[in-house]
Amino acid sequence: MVTAGPTREKIDPIRFISNYSTGKFGYEIAREARRRGHRVLLISGPTNLEPPKGVRIVIVESALEMREAVKRAIKKADCLVMNAAVCDWRAHSASRRKIKRRTGKRVLELIENPDILKEIGRKKGDMILVGFALETEDLGSNAYKKLREKNLDIILANRHRAKSGVFGDKRVDVLMVDRHGKRTILPHKSKAELAKIVLDNVSNIKI
Ligand code: CTP
């Protein structure tokens with residue numbers, strides 16, 4: 001199972017909170033997994049990407065919808081690659097009507113979304129879990145902390161740079177950390193190349 005893309009958290013029927021995720025990396029992983037003969041379910045937030053051939057796809061919008069879709073299918077999965085950029089917050093109460101313009105300051109109250117990967121990690125059993133981390137600082141220590149907290153087998157971390165960013169980038173520098181703390185730097189790789197590396201590492205995990 002692969003998740004990809006951003007989530008959108010409604011503010012009113014017209015507006016939402018989201019992030020710059022394009023979903024490309026997750027779609028590449030789903031495509032490569034299918035190429036290797038796996039049965040693949042791709043749970044995707046809104047993207048502009050063509051779904052890979054032969055992959056079953058479920059499109060969701062919000063973090064809560066993504067959590068539902070993941071939980072519904074997780075029992076059949078032996079590996080989850082959680083590439084989605086899930087919004088950490090949602091509006092406390094989305095308005096059913098368009099919020100009209102008004103002069104002066106406006107406050108939007110946010111509440112926390114569930115951490116889907118952490119919930120799955122709590123009872124993962126033999127399932128292989130791959131997570132991602134996007135950081136602006138302390139890449140290595142933050143990645144390892146997330147790997148431990150979410151009970152992951154592998155985490156891929158990259159740094160967000162103000163100039164180049166990472167979203168939609170053609171080539172990226174990634175740090176891969178496994179559950180034994182082994183760190184591998186993967187410099188200047190395309191997302192298709194990284195998808196192969198991720199899946200090679202997944203198949204090398206001995207349960
Ligand atoms: N993730 C998730 N549910 C969330 C937030 C994140 O399942 N509500 C998953 C992401 O898909 C990713 C991993 O957790 O695989 C790490 O996501 P990231 O946003 O880097 O980390 P957070 O745990 O949200 O921590 P922070 O935003 O504080 O860095």
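Residue numbers count from 1 along this sequence. Counting convention: from 1, in listed order, for ligands and their atoms alike.
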Subject >> Protein contact to atom 2 (C) of ligand 1 [nearest heavy atom, distance to 0.1 Å] >> reply: D115 OD1, 3.4 Å

Original post:
Can you find an N/O atom of C87 closer than 3.5 Å to an N/O atom of ligand 1?
Top reply: no

Original post:
For the side chain to side chain contact (heavy atoms under 4.5 Å, CB included) test, which of D126, V2, I128 pairs with C79?
Top reply: I128

Subject >> Presence of salt bridge, K10 and E61, under 4.0 angstrom >> reply: yes

Subject >> Atom pair CD1/CG of I57 and L42 - distance to nearest 0.5 Å >> reply: 4.0 Å

Original post:
Only one of K182, R148, R179 forms a salt bridge (charged side-chain N to carboxylate O under 4.0 Å, His left out) with D153, so which one is it?
Top reply: R179

Original post:
Between K146 and E149, is the closest basic N to carboxylate O distance under 4.0 Å?
Top reply: no

**OP:** With rounding to the nearest 0.5 Å, note down the distance linking SG in C87 to CG in N19.
**Re:** 5.0 Å

Original post:
Hey, is ligand 1 close enough to G131 that some N/O pair sits below 3.5 Å?
Top reply: no

Original post:
With a 4.0 Å cut-off, would you call E193 and K196 a salt bridge?
Top reply: no

Original post:
What atoms of ligand 1 come closer than 4.0 angstrom to any heavy atom of L134?
Top reply: 20 (O)

Original post:
For ligand 1, is there an N or O atom under 3.5 Å from any N or O atom of A85?
Top reply: no

**OP:** Report the nearest protein non-hydrogen atom to atom 15 (O) of ligand 1: residue, atom name, distance rounded to 0.1 Å.
**Re:** M82 O, 2.8 Å

Original post:
Which heavy atom of the protein is the closest neighbour of atom 8 (N) of ligand 1, given with residue, atom name and distance?
Top reply: P114 O, 2.9 Å

Original post:
With only distance considered, is N83 within less than 3.5 Å of ligand 1 through an N or O on each side?
Top reply: no

**OP:** Give the residue and atom name of whichever protein heavy atom lies nearest to atom 3 (N) of ligand 1, and the separation in Å to one decimal.
**Re:** I116 N, 3.1 Å

Subject >> Shortest non-hydrogen separation from I29 to L199 and the atoms involved >> reply: O-CD1, 3.8 Å

Original post:
When you measure from atom 7 (O) of ligand 1 to every protein heavy atom, which one gives the shortest distance, and what is it?
Top reply: L117 N, 2.8 Å

**OP:** Kindly confirm or rule out an N or O of V86 lying under 3.5 angstrom from an N or O of ligand 1.
**Re:** no

Subject >> Nitrogen or oxygen atoms of D88 and ligand 1 under 3.5 Å apart >> reply: yes

**OP:** For A133 and ligand 1, answer yes if some heavy atom of the residue is under 4.0 Å from a ligand atom, otherwise no.
**Re:** yes

Original post:
Between Y27 and S44, is any side-chain donor less than 3.5 angstrom from a side-chain acceptor?
Top reply: yes

**OP:** State, with a plain yes or no, whether a side-chain heavy atom of L129 is found less than 4.5 Å away from one of M82.
**Re:** no

Original post:
Quick one: nearest non-hydrogen protein atom to atom 26 (P) of ligand 1, plus distance?
Top reply: K146 NZ, 3.9 Å

Original post:
Would you say V81 and T3 make side-chain contact, with heavy atoms under 4.5 Å?
Top reply: no

Original post:
What do you reckon, does K150 put a non-hydrogen atom under 4.0 Å from ligand 1?
Top reply: yes

Original post:
What is the nearest protein non-hydrogen atom to atom 11 (O) of ligand 1, stated with its residue, atom name and distance?
Top reply: A84 O, 2.7 Å

Subject >> Sub-4.5 Å side-chain heavy-atom contact between T22 and T47 >> reply: no

Subject >> Protein residue, atom and distance nearest to atom 12 (C) of ligand 1, heavy-atom basis >> reply: F132 O, 3.1 Å

Original post:
So, for atom 17 (O) of ligand 1, does the protein have a heavy atom nearer than 4.0 Å?
Top reply: yes

Original post:
At under 4.0 Å between heavy atoms, which part of A63 makes contact with ligand 1: side chain, backbone, both or neither?
Top reply: neither

